[in-house]
Each structure stands twice: as C-alpha cells, then as structure tokens.
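Notes for the one structure printed next.
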Amino acid sequence: MSYQTQIQDLMREVFVVDLAVDAETYDSAAPGIEVPKKKEMGDFAFACFKFAKVLRKAPNAIAADALAALQPRLKDHPQFAEVAAAGPYLNFKMNQASLAADVVPAVLDGSFLAPRSRNGQKMMIEYSQPNTHKAFHVGHMRNVALGDALARICDWQGYEVVPVNYIGDEGTHIAKCLWFYKNHFDGEVPEVNRGEFLGSLYTQATLMLDPTTLTTYPLAGIYAAQVVRIEMHPSREDQTVVALDLGDREVQVVCGGTGFSVGDRVAFAAPGSRIGGRLVQPTDKGGVASEGMICSARELTIGDDHTRIHVLPTDTPLGAELIEHFRIEGALPEGQGVGAELARRNREVSEVLKALEAKEGPLYDLWQETKQWSMDEFYEIYKWLDARFDHYFFESDVSESGKQAVLEYLEKGVLVRSEGAIGADLSDFGLPFALLLKSDGTGLYATKDISLAQIKFETFGVDKSVYVVDHSQSLHFQQVFRVLEMMGYEKAKDCFHLAYGLVKVVEGKNEAGQSNVVKMSSRKGNVFLFSQLRQALRDETFERYLKPFVGEWSDEEIEEAARWVSVATIRYGMLNTDNLNEIAFDLDAWINNTGNTGSYLMYAYARTRSIKRKLGEQDGSLADWALLTHEAEKRLLSGMSKFHEVVARAAEDFKPNVVCTYLYSLAKDYSRFFSECPIKQAESEALRVTRAQLNDAFGLLLGKGLALLGIRTLERI
RNA sequence: GCGCUUGUGGCCAAGUGGAAAGGCAUCGGUCUUCGAAGCCGACGACCGUAGGUUCGAAUCCUACCAAGCGCACCA
C-alpha cells in the first residue's frame, strides 16, 4: 500500500471517528495527499480547507484538532516519524528508516525497478516520419527523442508498445530532387552522407523553382495598372468600384481594400492568374462586373499587409507584367522570360512525378536506388541514437489503398463530392471540410493517413494509437480522427495526436543583446544538420571533458563516452521541457554542460559507480537504516520512493519531461549527499555499509530512469 | 474573419484548485579528504491584462492584449 493511501486511511479514521464527520461527507470532501513544495516541510501534506464548512471552524483550528486526534493513532504507524500542523496543513514526515527499508533493498534486488505488470493494451507509437530525399536535422531529433522515450516509458508502465516509423517516400519533393539530379547536377555522388546529399539537391531544386530568386514580384499574370477612378459600390458599403488603365485598355474591378488613390500604380491580377492558390476569374460582385482584382502586399506574397492595396513605383510602365519587369538582374539570360522559364521547369518536374507514378522505367529505378541512400542514413542515425522501431510504414504503400478507401466510403455515403473533389463534411463537429481526393483523382496526405490507420486497426489490432507529430498538424489529425469515426472505427477515439512545439535555432544577437530565435530554413542555410550536430557534440565533449583521460582510458572508451554524452545532451535537451514549448536550439548553451542537463545526470551516475569501485565488496547485512539521519539522506530516500508514481504520470500524460524534472531533482539530492555524507570515511562501518547501499540503490534507480529517456549510463565519463 | 497553442524574475523554465521548484547569467564562498561536469550562499516574480467561479486560482470560466501555427485540391 502506498504511503499516500496509508495517510488517506488514517485521516479518514480521524475525521469520521474522532471528529464525527459523516463518512459520506468526508469522502466527498477528502483532499488528495499532496507533496509539500518545500522539502523540509515533510514528505506528504494533508490540507484541511475543505472541512471548514462542514465543521464550521477555521482550517488552522481543524488542523490542530486533527493532529491531536491523530497523535495516539501514530503509535501503530512507525513509518511516520512526525506529523506537524503548519497552519491549515498537516505535514507528514516519513521515518527514514522504514522508508529506506521499503525502498533500498527492493531497488537492490531488482523488484522495485522491474517493469510494471502487463496491462494487456497494445499501444502503437508512430514517430520520426522523415522524408526520404531530404536532410535529417535538429528539428527531427526532438520527434525521435519524444517518441522513443514515450515508447520506453509506456512499455515499462505495462503497455505492449509497438514503435513504428512512417517514411515519406513519395511526393513532389522527391520529383524535384530527382529532376535536379538528372538535369542540373554534374558532380560526383559522395560515398558517405548520401541522404544529406539528396537533401542538398532538393534544396537546390527548390531554389531553382522559387520565383523570388528570379524576380521580386513572384506571381505570374499580374500587371501594372494606373487607377483612373474610384467610385462607391452602389450596394456594398465596404467596397469600391475601381477603373484601371492598363496602357492599351481600361478595366474595372470591385475592390475591398483601401490605402490607394487616383493616379497610383497598382498590381492588377488578370483573370487566369492565381492569388493564394485560387484562380482569378471575372465575376459579378453585387451587380457590378469585376474583371480581376488589385492586390495587397500579402496577396502578392511580398509582405504582411493585407488591408491596404499595394502601390507600385510611379515609373512602373503601364501594362508591364510584374514578374518580368521586376526581374532580378543576371538571374536569367537576357531575353529569356521569367514566367516561361519557371513554367518550363515546373513542367519538367511534373513529368518526373508522372514517371514515378508509373512505377517502372529508369526514373523509377533511380527513385528506388536513391530512396535506399536515405533509408541507410536513417537506419544509421537511429542506431547511433539507440532508437527502436518494430515496423516501418511507407507512404508509397498506402497511397493507392487510401484512394480506394475514399471511393469505397463515398459509395457508402460517408464521404461526399464537393467542387469536383471528394472529402468529409465535418461541420457537425465544428471542423472544416476534410479534402481526401483532389478533383484530378489524386490523393493527399490525409488520404494516406486514413489507409494507414485502417492497417493499424485491422492488421495490427492496436488498442491505442499515438501519433508524434508537430503541433502545426493539429487540425489535420482532428479531421483524420473524425473521418475514421464516421467510417465506423471504434478505435478512432483511442487515437491521440501527441503535438509538440518547433525547434528553432539561435542566430546571433540583436542590438539589445538578446538572442535572435528564428525558424530553420534551408534557403537561409541555418539548418543544423544531424551530421553537423553529431560532430559538434562529439568534438566539444571531447575537448572539454575527455581530453585529460587520453592515455589513461582506452581510445574506444573515450569515443564511447563522447558518443553517449552527446546522445544524452541531445535527448535530455529535447525532453526536458513541456512538449508544446518551442525549443531555441543553441549549441553553445547545450554543450556548456552545467546545471540541468543530461550530462549532469550521467555524471551523478558515474560518481555512484566510482564510489562503488573504490569501496569494494561490502557486507550488506551490516546495514542499519536508522543511521540515515542526515537531511540529504532523508531527501534522497523520500525522492526515490516516488519513482513509480512519477513514471505512471509521465505515461498517463505522455510527458517525458516529468521524468526529467524528477531525475534532476533526485540527482541534486544525491550530489548534496555526496558532498556532505562521506561514505568511505564514514564514522562507523555500519554507516559506511548503509550509505554504500543507498549509493548503489540510487545509482540503479537513476540508471533505470535515464534508460526510460533513452539515455545510457557509463561507468565513468 | 475563424480555430488551435503559448505568455511565470535579465534569459530559459517546473508547477496534478491548496505553502511561487530549478537552471543560465551576476556576485560571494568551497578541491593536501570517495570525480569541482560538483557543493554552499546571495540577488531577483504580486505568474500577459481585466473580470468571474471558489474558503482558496499561475492552474477552471469569460473578454481583451501579444507571439507562433493552422484554416480544401502542398506534405
């Protein structure tokens, strides 16, 4: 029985028997047993506020009464050393001897740290989900750290965990990469890091296809026009009717924006152009014909302003197409049209995409070969990190079945046609329409997720399904889960999107001396690649901490230490904060391994082993738990006794950071114990043996806790 | 416009309706004694703002402010 339950039972007796509180009333008002914020106040606390109304007394007085009634009963409960009233609270201090007797031997014989009994639930945890043909970077590491830690925690807690990966091995990003490789790459394919090499090809491809590298006004079909007249709309208050001079003709548009006047040159989007992905067409707006639109900076994708109409320089020639007029000098040969060239490149990419969909031919073979380059790199990364996957899903395996499923459920009337496409009307759930099949018959991301979920339910028979995916996908998963529910899958309610925040990078300081935190972008070149990260961590760890041991330790041991400290640094750094917080990655701060870090915990573990080595064999039968009277020893014991409930909460809430906070606090207590309670030089042999056992037990417990986070411990670092 | 998420000391950050952890930075102690990646101490927060619910709110509710993200033919 846990100490909390024991206290609950005791207090129930006190209130019901001694203070004459009605049993039912007590049960409805009984507070949970808390842990005092300040450790010196005790191990557990019982708050008396709730009984103020029932007993018509001040909480402080109730606490005093309860304490008086409790005192005689404590004789039968020697595990509680002391109970004190502190205002409205009763603070329980554990008898450290019974605490130690309960915890230390159980830790040493392995029972305390053994996995919880199986609960018969199969939990699938999908994480990592990297795209092939793209580089693996720091941002991906958070996902792996989270998913793998959760798999370990939930496994320990009693679930049958099936960790799975879901590889993005198809889509336009691959067509772009292979298009560049075939048409524009003329170097040698490197022998190593070929996954990252593909990623660099993809980056170069996106640059070639990015209009803003060729022109400052990236949208096609937009022309310079001069405002001739602005008139009120006859029936709509917030709109105006604007007459425009295009040089060779005059057009009329209905406009909702402001901030321009007669004589200004503005950006006119002609019918056939696309603004925000939508086709511009001649329309009728409240009885007035509108032959296109004039655009804001936001609509032109050149700024954030979406209320005011963007005004062009006064010397912009009327009728000039902006994409050509504002072309960046030297980006293309003279005479080569920006629009035409971009259209040509995109056509080529589409052809690559079509060739890949045919699933045969030289491009398909190239896809298979290059995909393996990425996969080899992923396998290597997971191995280095010690991350586990029991199964790999591939997008290319579920895209066809996804389309079939959509058609099947359209037939069944679950899904509907809309604007030529097929999807789910989720308005009953307050969600936007979920598009599942485009009007050209091709599927989307969600289409594949539907099929994949079916496989998880039907083939794998999962009870719970967890998706570790960043927070920006929240709406997507809400929609997918609802669609699955509409399709009749009971288990849809046991699907859970574990959302987490982005990893950003710190890029220099601003004028005020504050760090600039920016989103990673391959275009800006501030992506921290996995290979760079691994190298930087290894080198820094070696330089700062391991160099003194060269010659004393074997080269292998030093490399192993550098490796596992690096893994601990990255994993702990990614896990030691709430899932939804954004992380500003700063290599210098992370490697500056002081304070609350993974290496601090590994260091604490190494100290326990160092002591054990120096002490040699001890006669455990001499241990006397009553000797552990030092405040640091009591705290350490009290903390260790909470291992089970901490891991349970981490599993329940999918929050590995709970374990981090707990282990760090324990390690702090240990460090204090280490510096204030000599073991080897203890006053008596009994004390030495007892402390040695506490030292060993803490080491085992810390090691298990770190293992749940995917962090290995070493005998020395 | 609608929705989701986040706002806690100079910076980062924990916090399960009950007594504001911790780390970095700054300042001061501490290695002839088990590993100083350590330990001890000092400094510093009315928890975005305004209401509400409650004996009690950083925590729940409402509104507002700020930041990030997302809102059908991208993944």
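Every chain is numbered from 1, with letters handed out A, B, ... down the list of sequences. Every value quoted in this text rests on a predicted model; they were computed, and no experiment measured them.
A cation-pi arrangement, defined by a distance under 6.0 Å to the six-membered ring centre and an angle within 45 degrees of its axis, is present between K371(A) and F394(A). Stacking of R607(A) on the aromatic ring of F674(A) is recorded, both the 6.0 Å distance cut-off and the 45° axial limit being met.
If you check rC34(B), rC39(B), rA19(B) against the side chain of P678(A), the one that comes closest is rC34(B). If you check rC34(B), rG15(B), rA75(B) against the side chain of K448(A), the one that comes closest is rA75(B). Out of rC40(B), rC69(B), rG68(B), the shortest distance to the side chain of E582(A) is found at rG68(B). Listed nucleotides: rC71(B), rA75(B), rA14(B). Nearest to the side chain of P432(A): rC71(B). The listed nucleotides are rC34(B), rA19(B), rG35(B); the one nearest the side chain of F549(A) is rG35(B). Checking rC39(B), rG35(B), rA75(B) against the side-chain heavy atoms of S675(A) singles out rC39(B) as nearest.
Using a 30° and 60° split on the angle between ring planes, F51(A) and Y26(A) fall in the parallel class, below 30°.
Listed pair N596(A) / rC12(B) fails the phosphate criterion, with no side-chain N or O lying under 4.0 Å from OP1 or OP2. Dashed line: the shortest gap from a side-chain N or O of N576(A) to OP1 or OP2 of rG22(B) is not under 4.0 Å. Within the 4.0 Å cut-off from OP1 or OP2 of rC34(B), not a single side-chain nitrogen or oxygen of Y670(A) is found. Of the side-chain N and O atoms in R716(A), none sit less than 4.0 angstrom from OP1 or OP2 of rG35(B). At rC39(B), one or more side-chain N or O atoms of S671(A) fall inside 4.0 Å of OP1 or OP2 (strictly under the cut-off). An OP1 or OP2 oxygen of rC55(B) is reached within less than 4.0 angstrom by no side-chain nitrogen or oxygen of K57(A).
Rounding to whole angstrom units, CD1 of residue I167(A) and C1' of rA75(B) are separated by 14 Å. Summarising the geometry, the separation between CG on L636(A) and P on rC39(B) is reported as 13 Å, rounded to the nearest angstrom. Between the CH2 atom of W590(A) and the P atom of rC11(B) there is a distance of 21 Å, given to the nearest Å. Look at CZ on F477(A): it is 11 Å from C1' on rA75(B), rounded to the nearest Å. Between K668(A) atom NZ and rG41(B) atom C1' there is a gap of 12 Å when expressed in whole angstrom units. Atom-to-atom, CZ of F433(A) to P of rC2(B) comes out at 23 Å; the value is rounded to the nearest Å.
Using a 90° window around 0 for the glycosidic torsion, rC31(B) falls inside it and is classed as syn.
RNA chain B is contacted by E419(A), A421(A) of residues 419-427 of chain A, taking any non-hydrogen atom closer than 4.0 Å. Within a heavy-atom distance below 4.0 Å of RNA chain B, the residues of residues 603-618 of chain A found are Y603(A), A606(A), R607(A), S610(A), I611(A), K614(A).
Side-chain atoms of T577(A) and base atoms of rA14(B) include no donor and acceptor less than 3.5 Å apart.
Among the protein residues, D653(A) comes within range of no part of the nucleic acid, since none of its heavy atoms lies under 4.0 Å from any strand. No contact: R544(A) has no heavy atom under 4.0 Å from any strand. Nucleic acid contact class of F49(A) (heavy atoms, under 4.0 Å, all strands): base.
Considering only residues two or more places apart in sequence or on other chains, R672(A) meets the side chain to side chain donor-acceptor pair (under 3.5 Å) condition with E676(A). Under the side chain to side chain donor-acceptor pair (under 3.5 Å) criterion, N579(A) pairs with no residue, sequence neighbours left out.
Look at the P atom in both rA21(B) and rA58(B): the space between them is 13 Å, to the nearest Å. Only the C1' atoms considered, rG23(B) is 16 Å distant from rA45(B), to the nearest whole Å.
Closest of all the heavy-atom pairs between K612(A) and N695(A) is N-ND2, 4.3 Å.
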What pairs of donor and acceptor atoms, side-chain ones from residues 418-435 of chain A against any protein atom, are under 3.5 angstrom apart with sequence neighbours left out?
from    : atom 1 : to      : atom 2 : distance (Å)
D425(A) : OD1    : S427(A) : N      : 3.0
D425(A) : OD1    : S427(A) : OG     : 2.7

Item to complete: Report the C-alpha separation of Y467(A) and F481(A) in whole Å, then their side-chain angles, then the decisive distance to 0.1 Å, and conclude whether the ring-ring contact (aromatic ring centres under 6.0 Å, His included) test is met.
Response: CA-CA 11 Å; Y467(A) 296 73; F481(A) 298 160; 5.4 Å; yes
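Paired runs in RNA chain B that reach 3 or more consecutive Watson-Crick or G-U pairs, where each pair keeps both distances under 3.5 Å, cover B:1-7 with B:65-71, B:10-12 with B:22-24, B:26-30 with B:38-42, B:48-52 with B:60-64.
Under a 4.0 Å N-O distance rule, the pair R649(A)/E645(A) does not qualify as a salt bridge.
Not a single donor-acceptor pair under 3.5 Å links the side chain of T447(A) to the backbone N or O of L437(A).
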